[in-house]
Protein chains: 2
Amino acid sequence: MSTVSPSTRNRGNRRAEILEAAAGLFAARGFHGVSIEDIGGAVGISGPALYRHFSGKDALLSEMLLDVSSRLRESAVAVATSSPGPAETLDALLNVQITFAIEQPALITVHDRELGNVPEPARRQIRRLQRLYVEEWVTVLAELHPACPAARLRAATHAVFGLLNSTPHSAGELPAQDMRPLLHTMARAAIEASVNAR
Amino acid sequence: MSTVSPSTRNRGNRRAEILEAAAGLFAARGFHGVSIEDIGGAVGISGPALYRHFSGKDALLSEMLLDVSSRLRESAVAVATSSPGPAETLDALLNVQITFAIEQPALITVHDRELGNVPEPARRQIRRLQRLYVEEWVTVLAELHPACPAARLRAATHAVFGLLNSTPHSAGELPAQDMRPLLHTMARAAIEASVNAR
DNA sequence: CTGGGATGTTAGTCATCATTAACGTAATCG
DNA sequence: CGATTACGTTAATGATGACTAACATCCCAG
């Protein structure tokens with residue numbers, strides 16, 4: 001049997017707990033607006049204890065963004081390979097992004113604001129994953145609308161991300177139960193229009 | 001005659017120059033990621049010289065956001081009072097926001113990220129202007145679709161802002177000449193859909 | 001002229017902050 | 001048992017950064 005020590009068992013939890021707290025703080029005040037002390041305090045430990053779990057503030061951010069972009073990308077790939085056709089894939093991609101935006105608003109916020117503060121080794125990898133995620137969308141859209149130039153599809157995809165990721169800004173306006181179909185409908189309509197324009 | 005000294009004549013220019021440079025830096029690295037030295041350096045003067053023009057870093061940010069939100073709000077009011085009907089008003093509001101997003105991406109970015117770093121006196125005022133701007137949109141949408149609950153219209157408005165403000169993220173994907181009608185079309189379609197849903 | 005305001009400059013000052021050091025304490029494992 | 005490991009703690013330490021002080025310049029008004 002793989003011996004699972006309590007330390008091994010707990011370590012992941014602690015790390016996850018820290019990452020979650022940090023995401024909330026980063027989203028609210030920005031990377032440089034949050035101190036190591038703040039993050040520690042948010043999980044009940046104090047300042048330098050963080051260094052038992054992460055090699056530094058930068059590494060913490062890197063791991064956070066790497067994790068988000070991998071998860072998004074993986075979900076997209078999973079959805080694309082298991083859907084019967086492009087129309088269903090697009091639908092599923094919308095659901096993936098909407099779920100993420102509604103359930104992890106802080107992560108989404110940090111994800112598209114703080115890439116500039118990630119140091120170079122990780123930065124490239126995150127960018128790569130983001131690019132692959134976008135390409136997943138563009139590929140599906142291209143299948144559905146072969147006549148539309150890729151540049152336009154890419155621009156439309158970014159615009160749709162902006163629409164879907166607006167959730168953090170309009171928090172509380174509408175219950176998630178209503179927000180979800182609203183976003184889906186709006187995004188679908190926006191995509192249709194983008195592709196038929198002119 | 002009102003005596004206009006050269007100092008008076010130049011002061012505004014210098015201040016505007018500083019505000020513009022600061023907006024770019026804040027958009028790229030976040031408020032706390034930019035130093036007074038950085039801002040000064042960007043306009044060819046060095047660090048503490050900024051205090052001849054602004055009482056501090058906070059005041060600089062306050063003025064920047066106050067200016068943006070007033071301008072948006074004023075444009076919206078102007079457009080609303082001069083349009084023949086709600087359909088034309090909505091169209092004009094779209095154009096206002098699109099123009100702003102395309103021509104001043106840095107300001108738009110700072111505007112919806114850094115409110116949290118504005119100290120209290122100004123913060124309330126900026127929030128007020130932002131709220132009034134949103135209400136301008138909601139009012140027009142309500143005229144066009146009286147059956148739709150206001151909460152949904154408000155959520156849809158925020159989503160459309162997210163869509164339109166995505167420009168900074170997809171910079172360079174498409175020339176502004178193509179981006180403009182694309183955004184207009186997508187936003188219009190999204191609004192229609194939001195209001196007809198269910 | 002000449003004095004003062006506007007606008008800069010450089011050298012402090014004082015906080016804040018990331019990071020490291022030195023040091024406990026439990027629990028685990030041999 | 002005994003020692004290693006995982007996790008925390010509280011003091012440095014060293015940078016960086018906002019803001020202030022003290023000191024030039026330039027230019028216009030009287």
Side-chain angles (χ1 to χ4, degrees), chain A residues 1-23 25-26 28-64 110 114 116-122, chain B residues 1-22 25-26 28-64 110 114 116-120 122:
Chain A
M1 309 306 92
S2 64
T3 310
V4 175
S5 69
S7 44
T8 302
R9 191 162 50 246
N10 291 335
R11 182 159 212 167
N13 296 337
R14 191 53 127 182
R15 283 173 66 88
E17 189 185 0
I18 292 169
L19 284 166
E20 188 182 334
L25 290 169
F26 289 165
R29 311 209 293 265
F31 181 70
H32 294 291
V34 176
S35 75
I36 288 288
E37 268 291 322
D38 293 334
I39 302 173
V43 301
I45 67 185
S46 240
L50 285 184
Y51 289 83
R52 299 295 171 190
H53 303 277
F54 297 92
S55 71
K57 205 186 170 190
D58 289 352
L60 201 165
L61 180 65
S62 298
E63 181 164 331
M64 188 184 302
V110 175
E114 305 290 4
N117 292 313
V118 175
E120 227 350 312
Chain B
M1 302 310 91
S2 65
T3 312
V4 175
S5 70
S7 44
T8 300
R9 190 162 52 246
N10 291 334
R11 182 161 211 167
N13 297 338
R14 192 52 129 180
R15 283 174 66 89
E17 189 184 0
I18 292 169
L19 284 166
E20 187 181 336
L25 291 169
F26 290 164
R29 311 209 293 266
F31 181 69
H32 295 291
V34 176
S35 75
I36 288 288
E37 268 290 323
D38 292 334
I39 302 173
V43 301
I45 66 184
S46 240
L50 285 183
Y51 290 84
R52 300 294 173 191
H53 303 276
F54 298 92
S55 70
K57 206 185 170 191
D58 289 351
L60 201 164
L61 180 65
S62 297
E63 181 164 332
M64 187 184 302
V110 175
E114 306 290 5
N117 292 313
V118 175
E120 226 350 313

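Residue numbering restarts at 1 for every chain, and letters A, B, ... go by the order of the sequence lines.
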Item to check | Interatomic distance, A:I36 CD1 vs D:dT9 C1' [rounded to whole Å] | outcome: 16 Å

Checklist entry - Taking the side chain as C-beta and beyond, is there a heavy-atom pair between B:H32 and A:F31 under 4.5 Å? => result no

Item to check | Closest listed nucleotide, where the reference is the side chain of A:R14 and the choices are C:dA18, D:dG8, D:dT10 | outcome: D:dG8

Item to check | Rounded distance in Å - CD1 (B:I45) to P (C:dG8) | outcome: 5 Å

Checklist entry - Separation of A:L50 atom CG from C:dT20 atom C1', in whole Å? => result 14 Å

Checklist outcome for this item: Side-chain contact check for B:P48: nearest option of C:dA18, C:dT9, D:dT20 is D:dT20

Checklist entry - Starting at OH of B:Y51 and ending at C1' of C:dG12, how long is that distance when rounded to a whole Å? => result 14 Å

Item to check | Heavy-atom donor-acceptor pair, A:R15 side chain to A:H53 backbone, under 3.5 Å | outcome: yes

Item to check | Nucleotide D:dA18, atom C1' - distance to CG of B:N117 in whole Å | outcome: 15 Å

Checklist entry - Under 4.0 Å between a side-chain N or O of A:H32 and OP1 or OP2 of D:dT16? => result no

Checklist outcome for this item: Picking from D:dG8, C:dC17, C:dG8, the nucleotide nearest the side-chain atoms of B:H53 would be C:dG8

Checklist entry - Looking at the side chain of A:R52, which of C:dT9, D:dG17, D:dC7 is the nearest nucleotide? => result D:dC7

Checklist entry - Are B:L60 and B:I36 side-chain neighbours, meaning at least one heavy-atom pair lies under 4.5 Å? => result no

Checklist entry - When all nucleic acid strands are considered with a 4.0 Å heavy-atom cut-off, which category describes B:G56: base, sugar-phosphate, or nothing? => result sugar-phosphate

Item to check | Closest heavy-atom pair and its distance - B:P48, B:E37 | outcome: CD-OE2, 4.0 Å

Checklist outcome for this item: By nearest-nucleotide position on DNA chain C, the 5'-leaning member of B:G44 and A:K57 is B:G44

Item to check | Separation of B:F54 CZ from B:E63 CD (nearest 0.5 Å) | outcome: 5.0 Å

Checklist entry - Rounding to a whole Å, what distance do you find between A:E37:CD and D:dT10:P? => result 9 Å

Checklist outcome for this item: note: B:F54, atom CZ; D:dC19, atom P; distance rounded to Å ~ 13 Å

Item to check | Between C1' of C:dA18 and CG of A:L25, the distance in whole Å | outcome: 16 Å

